[in-house]
Structure formats: structure tokens, C-alpha cells
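Working notes, beginning with the structure itself.
All values below were derived from every heavy atom in this structure, side-chain atoms included, with hydrogens, water molecules and symmetry-related copies excluded. Please read all numbers here as calculations on a predicted model, not as lab measurements.
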2 protein chains.
Amino acid sequence: MTKAKENKEKSKSSWKQNPERVKQDILRAAMSEFAKSGLSGAKIDDIAAKTETSKRMIYYYFDDKEGLYRHALEAAYAKVRKGEVNLDLADYAPTEGLARLVAFTFDHHRRNPDFIRMVMIENIHHAAHMRSSQVIRDLNLGAINQLRALIARGEASGDFRRGIDPVALHWQISAMSFFNVSNQPTFSAIFGKDLYSNDGQAALRDRAVAMILADVRATSEDQDDQS
Amino acid sequence: MTKAKENKEKSKSSWKQNPERVKQDILRAAMSEFAKSGLSGAKIDDIAAKTETSKRMIYYYFDDKEGLYRHALEAAYAKVRKGEVNLDLADYAPTEGLARLVAFTFDHHRRNPDFIRMVMIENIHHAAHMRSSQVIRDLNLGAINQLRALIARGEASGDFRRGIDPVALHWQISAMSFFNVSNQPTFSAIFGKDLYSNDGQAALRDRAVAMILADVRATSEDQDDQS
DNA sequence: AGCAAATTGTAATTGGCAGTACATTTTGTC
DNA sequence: GACAAAATGTACTGCCAATTACAATTTGCT
């Protein structure tokens with residue numbers, strides 16, 4: 001055991017600081033664990049283990065478990081929004097545009113199960129942590145405005161019936177897209193996995209699109225209403 | 001303080017046994033607490049406090065927290081089934097029968113939020129506790145058979161298009177009925193409570209019925225298919 | 001009545017996990 | 001280069017809540 005002059009043996013102790021990267025790393029791990037196990041089900045130690053840093057840093061940046069959860073929830077919303085592509089709905093006829101929006105929403109939810117599970121957990125907690133977040137509110141209002149524009153064009157062209165409520169329509173689209181992911185475990189436990197194969201999912205998506213289109217379509221009476 | 005001959009003062013110590021009633025009492029309290037707070041969120045002490053008996057009896061009859069949860073989950077399914085009325089669907093034309101089934105399902109889910117929340121929680125847990133339960137499987141297969149009969153009649157009469165998958169149709173009906181209850185907290189936190197007023201709910205139910213009927217309705221091409 | 005099994009009461013115990021204390025290292029700034 | 005503030009490492013502590021130990025009481029049975 002020779003005394004190393006520059007005793008750098010096992011790189012004794014020395015690290016680099018990188019606050020932003022550390023915070024993002026923690027949020028990533030937290031989202032994954034909260035989505036898997038819920039708020040009280042997730043363990044800070046487990047989250048820390050999934051991290052490149054330590055439990056100490058979680059408390060340093062996020063104060064406590066609830067603070068971490070709130071930030072993870074906002075991060076989940078932000079991440080899912082970043083995954084949204086510009087659908088250029090204005091380039092399509094109203095019916096075609098709506099069909100594209102529904103199909104995209106269905107697929108997009110499917111691609112982001114962790115986000116869905118965070119929302120499920122938030123619902124279990126009666127949306128207690130979401131109410132304060134302006135970020136989250138804004139994200140969803142964007143979706144409503146998109147729908148509102150589509151509805152306006154559809155009514156004007158006579159393709160859509162009158163009096164469609166954009167929030168209700170958003171509810172209808174969300175219901176199927178969300179349920180498809182949120183209830184997959186119990187549904188496939190009871191009825192088997194057929195509906196969750198590639199073919200099954202494609203069929204469900206087609207049905208969802210068809211249902212929405214059928215619901216907004218103008219009836220002959222409505223068309224008579226055109227002045 | 002005269003010595004009471006039959007010293008029954010404050011009924012010193014003496015109780016009646018009633019195993020069945022105690023078990024039901026515990027399950028009722030457990031379901032309520034699990035539905036409110038989730039599996040790890042619910043506290044045995046809180047459940048015991050909602051009971052006419054003590055924490056000791058919970059462990060006596062249900063072994064541990066998970067055992068209690070499993071029984072509470074089955075009890076939730078059993079209770080919701082008991083609340084189902086006989087809709088006498090055979091007495092109605094297929095379209096009318098289906099409309100009644102959808103409307104009833106929508107309302108019935110709304111009347112049983114605790115059941116919905118138990119299923120939400122089970123989904124968070126990847127349906128781990130439900131897989132073993134034959135009871136639960138049977139309850140849902142009943143719904144499928146009801147739909148299958150309706151579909152058969154509708155196809156025969158030419159009212160419905162061909163090739164409707166009863167499980168997919170059940171998925172469609174469940175999606176809207178379930179989502180309506182499960183996501184009420186987050187949805188109303190973001191978009192306000194309008195859709196959850198009496199009028200709002202009636203409108204959503206109408207939309208759900210209309211969407212399902214539009215989706216199963218035979219197109220003119222299908223009708224040409226009739227031999 | 002008397003015995004054994006079932007049921008209930010009372011009071012611990014134990015482990016897990018959120019949160020903290022304190023020391024050390026890095027980094028910007030003068 | 002020295003000082004302060006920011007960032008990180010290490011090792012706890014304290015408490016909550018699940019579970020259990022043990023005693024007492026009831027009930028069915030003969």
C-alpha cells in the first residue's frame with residue numbers, strides 16, 4: 001500500500017454540479033414511480049434509487065413528497081403536450097379534420113400511459129393538487145379552442161349540426177381515448193386481451209372516430225335549417 | 001354509590017356475538033375508505049373507526065390489509081350487481097332496448113361512485129387482485145350475454161349492421177359511463193362543473209345513447225345485404 | 001355445569017419510510 | 001485565493017401504521 005503522491009485512488013470524492021439536469025432526472029424518476037404506484041404507494045427511496053442522484057437532493061429541490069408529486073404532475077402534462085404534433089386541421093374539411101383529431105387523440109393517449117395514470121391518481125385524490133396549477137388549465141384550454149374552431153367551420157359549412165358544445169365534445173373524445181388506457185388492466189383481466197392487440201386497437205379507434213362523426217353530423221332537418 | 005346487587009352498572013363487560021353482521025359492517029367501512037383513499041392510502045385505524053367493532057376483528061376475519069381489500073372489492077361488485085334492475089330488454093325492439101341499456105348503465109354508474117373508484121384503484125394496481133376472482137368475472141359476463149342477445153335480434157331484424165362485437169360494444173358503453181364518474185374531479189377542476197349539473201348530465205347521457213345507436217345502426221348497404 | 005372452540009377486548013411491538021442534522025465539496029465573486 | 005452560497009454526501013431519527021401477543025368473554029355441545 002504505497003502512499004500515492006496525488007492520492008486520487010478510487011477518485012476519492014469529487015463531483016460536478018448540474019442543478020437543472022438533476023431536477024429533470026428526479027422528475028423523470030418520480031413520474032415513473034408515482035404513475036406505477038400512486039401517491040402514497042410510491043416510496044421516496046424507490047424514486048431515489050431510479051435516479052442518478054440521491055434522496056437528499058429530492059428534499060433539497062422539492063421540499064417534501066407532495067411537492068415532488070405536484071411538480072411531477074405538471075411535468076407529465078408538459079411532456080404530453082410536447083408530444084402533440086401540429087395537425088394542421090385548418091387544411092382539412094371539418095369532418096375530415098375532426099376524424100384526424102379523434103384518431104390522433106386516441107393514439108396519443110395510448111403512447112403516454114404514464115400521463116394517463118398520473119391523471120387517474122389525481123382523480124383518486126379528488127384533483128386536490130391540480131386545482132392550483134395554471135399550467136395544467138392552459139394546456140387543456142388549447143384543446144378546447146382547437147375544437148371550437150372546427151365546430152364553427154363545420155356549422156358554417158352545414159356539415160355539422162348546430163349547438164355542439166365544445167367541452168362536451170371534448171368529453172366524448174376523451175372518454176374513449178382515456179378509458180382505453182386507464183381501464184386496460186381490469187378490462188383485459190375480465191375479457192381477455194383481444195381488444196388490446198394491434199388489430200383490436202385499430203378497430204376501437206375506428207369505432208371511436210365513427211361515433212364522434214355520427215354524433216356531430218347534421219341531420220336532414222338541420223340542413224333544412226340552412227338559410 | 002350503593003352496591004348494585006346485580007352489578008349491571010354501565011353494563012360492565014358483556015357483549016353479543018354476531019359474526020355475519022360484524023363482517024358486513026367491516027366490509028362496508030372498508031369499501032368506503034378504500035374507495036376514498038386507495039389501497040395504501042386507506043388506514044386500518046380509520047376503517048376500524050368507521051365500524052361498530054374494533055381493529056382486532058378486521059384481522060380476525062380478513063387476516064391482513066390485502067385480504068380485506070380483496071373482499072371489499074368483491075363486495076363492491078356484488079353490491080353494484082344487486083342494484084341492477086331487470087330491464088326486460090326482450091320486450092323492446094332492438095334499438096329501443098339498446099337505448100334503454102345505455103341510459104341505464106350511464107345512470108347506474110353515476111349512482112355507484114364508490115364502485116367506480118374501487119375499479120380505478122384496481123386499475124392503478126394493474127388488476128392484480130381481480131384476476132383470481134371468479135365472482136367478478138361472472139358478473140361481467142352477464143352483461144356481455146345481455147348484449148349478445150340484443151345484437152342477435154338487431155341483426156336479424158335488419159336494424160343493426162352485421163359483425164358487431166359484443167365486447168367492443170360493451171367497451172364503448174362502459175367508456176363513457178365510467179369516464180363520466182372516474183374523471184369528474186379533474187374534468188370539472190379544469191372545465192367547470194356545468195357538465196355535472198343535472199342538465200349537463202342529462203345532455204351527456206343523451207349524447208352517449210345517440211352515439212351508440214348511430215354506431216350500431218345498419219347503413220343502406222347493410223340493409224341491401226338482407227337475403 | 002363444564003369443556004372446547006369461536007369471538008372480542010386491551011395493550012403492546014415492530015418495521016418501514018418520510019423527513020432531518022450535520023459535514024463536505026463545488027462554484028461564483030471580489 | 002478567500003469567502004459565501006449553492007449543491008451534494010452520509011448517517012441518522014422519529015413517528016405512523018400494520019400486525020401481533022395475550023387475556024377475557026361468549027356460545028355450542030354433551
Inset, instruction - Report yes if at least one side-chain N or O of Y60(A) is closer than 4.0 Å to OP1 or OP2 of dG9(D); otherwise report no. - result: no
Inset, instruction - Kindly check if the number of other-residue, nucleotide or ligand heavy atoms within 6.0 Å of CG (D91(B)) is above 12? - result: yes
Inset, instruction - Among dC17(C), dT10(D), dT10(C), find the nucleotide with the atom closest to the side chain of K43(A). - result: dC17(C)
Legend entry - Within the 6.0 Å centroid threshold, strictly below: F191(A) and H170(B): yes
Legend entry - Spacing of D63(A) atom CG relative to dA18(C) atom C1', expressed in whole Å: 13 Å
Legend entry - Enclosure of K193(B) NZ (heavy-atom neighbours >12, cutoff 6.0 Å): no
Inset, instruction - Could you tell me whether A48(B) contacts a base, only the sugar-phosphate backbone, or nothing, with contacts defined as non-hydrogen atoms closer than 4.0 Å? - result: nothing
Inset, instruction - Go through dA18(C), dG9(D), dA7(D) for me and flag the one nearest to the I44(A) side chain. - result: dA18(C)
Inset, instruction - Identify which nucleotide among dT19(D), dA6(D), dG19(C) has an atom closest to any side-chain atom of Y59(A), counting heavy atoms from C-beta outward. - result: dG19(C)
Legend entry - Interatomic distance where CG belongs to D64(B) and C1' belongs to dA18(D) [whole Å]: 9 Å
Legend entry - d(CD1, I58(A); C1', dC17(C)) in whole Å: 13 Å
Inset, instruction - Mind calculating the distance between NZ (K65(A)) and C1' (dT20(C)) to the nearest angstrom? - result: 17 Å
Inset, instruction - Name the orientation class of the two ring planes belonging to Y196(B) and F187(B) (parallel below 30°, tilted from 30 to 60°, perpendicular beyond 60°). - result: perpendicular
Legend entry - Y61(B) side chain near dT8(C) phosphate (N/O to OP1/OP2, under 4.0 Å): yes
Inset, instruction - Measure from the side chain of R56(A), starting at C-beta and using heavy atoms only, and say which of dG9(D), dG19(C), dC17(C) lies closest. - result: dG9(D)
Legend entry - M57(B) or A42(A), whichever maps to the more 5' nucleotide of DNA chain C: M57(B)
Legend entry - K55(B) NZ to dA11(C) C1', straight-line distance once rounded to whole Å: 10 Å
Legend entry - Side-chain N or O of S54(A) closer than 4.0 Å to phosphate OP1/OP2 of dT8(D): no
Inset, instruction - Write down the distance between CZ (F62(B)) and P (dT19(D)), rounded to a whole number of angstrom. - result: 14 Å
Inset, instruction - In whole angstrom, give the distance that lies between atom CG of N18(A) and atom P of dG9(D). - result: 12 Å
Legend entry - Distance in angstrom units between R21(B) CZ and dT8(C) C1', rounded: 15 Å
Inset, instruction - Show your working on side chain to side chain donor-acceptor pair (under 3.5 Å) between Q201(B) and D107(B) and close with a plain yes or no. - result: CA-CA 9 Å; Q201(B) 287 285 288; D107(B) 290 337; over 6 Å; no
